[in-house]
Each structure stands twice: as C-alpha cells, then as structure tokens.
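The chain is numbered in sequence order, starting from 1.
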Amino acid sequence: MAIKLAGYTRVERSLEGFHPTADYVILSEHLERESARIILPPRGNATTGTVVSVADGVLGTLGLTEGDDVLFAEWQGGRWSFLDESKPSGVINVLIMTSDDILAKIRKEEED
C-alpha cells in the first residue's frame with residue numbers, strides 16, 4: 001500500500017523487502033549543503049547522498065556499493081518513505097533513481 005504525502009510516496013512496508021532492478025539505485029539524500037568536504041552552492045545543480053541499495057547491473061558497471069557517498073543531479077528520482085523502526089520518525093526517506101543521474105562517487109578520506 002502506498003500513500004502520496006508532501007513530496008514523498010509513503011510505503012507501508014520496510015525498505016528491507018525492496019531491491020532495485022535494471023540500473024536503479026536507492027539513495028539516502030544528505031540534506032545539508034556541506035558534506036564529504038564538498039560545499040555545494042545554495043542554487044547548485046547537484047547534491048550528495050549515500051547509497052542504500054543498488055541493482056546488480058549497477059554494482060558491476062559503476063562499482064557502487066551500499067554505503068558509498070555520491071554526487072547526483074538534483075531533483076532526480078522518485079521520493080519514497082518506508083517504515084523504519086530504528087529511526088526516531090519511524091520512517092526512512094529515500095530517492096530511487098536511475099544510475100545515469102549519478103555524477104560521481106565520492107572517495108572517503110582514507111581512499112585519497
């Protein structure tokens with residue numbers, strides 16, 4: 001069951017039961033404009049996020065894995081809200097988008 005709420009479509013299930021297909025990626029968007037040593041202008045065309053889940057094809061092609069930080073085209077992807085008891089709000093908000101909208105993988109400091 002899905003309910004449309006103020007920008008996010010709420011799914012009355014946990015995200016654990018969902019795995020993206022084809023070339024889709026599930027991301028948790030960073031809401032602050034300064035993240036991973038990148039300062040994004042207030043009116044920038046990109047934002048950052050953390051990979052929550054990737055389709056098998058994306059894993060091989062782009063080398064993305066869960067937990068990777070990425071730069072992606074702003075305003076892309078569908079916004080979804082899934083049940084998550086570990087969060088204070090009881091939900092996790094994610095974006096589900098095609099891997100074509102991912103602009104770069106952000107290396108962690110120890111990888112530099």
Side-chain angles (χ1 to χ4, degrees):
M1 178 178 182
I3 306 166
K4 188 73 173 176
L5 298 172
Y8 285 90
T9 299
R10 182 176 171 134
V11 178
E12 296 296 323
R13 293 185 56 177
S14 166
L15 181 60
E16 292 175 10
F18 291 82
H19 185 75
T21 58
D23 68 337
Y24 283 88
V25 178
I26 300 176
L27 299 175
S28 171
E29 184 176 19
H30 297 163
L31 298 178
E32 66 278 358
R33 298 299 294 176
E34 184 175 339
S35 173
R37 297 184 315 179
I38 296 174
I39 300 172
L40 299 167
R43 298 183 195 273
N45 294 327
T47 191
T48 60
T50 301
V51 175
V52 174
S53 184
V54 296
D56 296 334
V58 175
L59 180 65
T61 314
L62 298 180
L64 291 178
T65 59
E66 292 178 15
D68 285 344
D69 287 331
V70 295
L71 183 71
F72 64 93
E74 194 169 30
W75 303 112
Q76 298 302 315
R79 286 167 162 65
W80 297 84
S81 182
F82 291 89
L83 298 180
D84 187 340
E85 293 178 5
S86 70
K87 304 285 185 191
S89 65
V91 297
I92 181 172
N93 294 324
V94 297
L95 301 171
I96 301 176
M97 67 178 60
T98 177
S99 62
D100 289 343
D101 294 322
I102 297 190
L103 306 173
K105 177 179 173 180
I106 302 169
R107 290 188 189 154
K108 299 198 183 324
E109 287 186 40
E110 58 271 7
E111 294 177 11
D112 291 343

- [ ] Please step through side-chain contact (heavy atoms from CB on, under 4.5 Å) for the pair Thr48 and Ile106, ending with a clear verdict.
- [x] CA-CA 9 Å; Thr48 60; Ile106 302 169; 3.8 Å; yes
TODO: Walk me through it: do Thr47 and His30 pass the test side chain to side chain donor-acceptor pair (under 3.5 Å)?
DONE: CA-CA 7 Å; Thr47 191; His30 297 163; over 6 Å; no
- [ ] Evaluate the salt bridge (Lys or Arg N to Asp or Glu O under 4.0 Å) criterion for residues Glu85 and Lys87: first the C-alpha distance (whole Å), next the side-chain angles of each, then the deciding distance (0.1 Å), finally the verdict.
- [x] CA-CA 5 Å; Glu85 293 178 5; Lys87 304 285 185 191; over 6 Å; no
Task: Step-by-step side-chain contact (heavy atoms from CB on, under 4.5 Å) determination, Leu83 to Arg10 - done: CA-CA 8 Å; Leu83 298 180; Arg10 182 176 171 134; 3.2 Å; yes
Task: side-chain contact (heavy atoms from CB on, under 4.5 Å) evaluation trace for Leu27 with Val52 - done: CA-CA 5 Å; Leu27 299 175; Val52 174; 5.8 Å; no
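At a threshold of 4.5 Å between side-chain heavy atoms, the hydrophobic network of Ile, Leu, Val, Met, Phe, Trp and Tyr places Leu15 and Val91 in two separate groups.
The shortest distance between side-chain heavy atoms of Val11 and Trp80 falls below 4.5 Å. Residues Val25 and Val54 have side chains in contact (heavy-atom distance under 4.5 Å, counting atoms from C-beta outward). Annotation: side chain of Lys105 is not in contact with side chain of Val51 (no heavy-atom distance under 4.5 Å). Residues Asp23 and Asp100 form a side-chain contact, since some pair of their non-hydrogen atoms from C-beta on lies under 4.5 Å apart.
Residue His19 comes nearest to Ser53 through the heavy atom pair ND1-OG, 3.6 Å, listed as atom of the first residue, atom of the second, then distance. Of all heavy-atom pairs between Tyr8 and Val94, the closest is CE2-O, 4.0 Å. Of all non-hydrogen atoms in Ala55 and Ala22, the two that sit nearest each other are CB-O, 3.2 Å. Across every non-hydrogen atom of Thr61 and Gly57, the tightest pair is OG1-O, 2.7 Å.
Atoms CG and CG, from Asp101 and Leu103 in turn, are 8.0 Å apart once rounded to the nearest 0.5 Å. The distance from atom CZ of Phe72 to atom CD of Glu29, rounded to the nearest 0.5 Å, is 4.5 Å. Rounding to the nearest 0.5 angstrom, the gap separating the CG atom in Asp69 from the OG atom in Ser28 is 9.5 Å. Going from atom OG1 of Thr9 over to atom CD1 of Ile96 covers 9.5 Å, rounded to the nearest 0.5 Å. The distance from the CD1 atom of Ile92 to the OG atom of Ser81 is 9.0 Å, given to the nearest 0.5 Å. Distance check, rounded to the nearest 0.5 Å: CZ of Phe18 to CD1 of Ile26 gives 8.5 Å.
The neighbour count for Tyr24 OH, taken as heavy atoms of other residues, nucleotides or ligands under 6.0 Å away, does not exceed 12.
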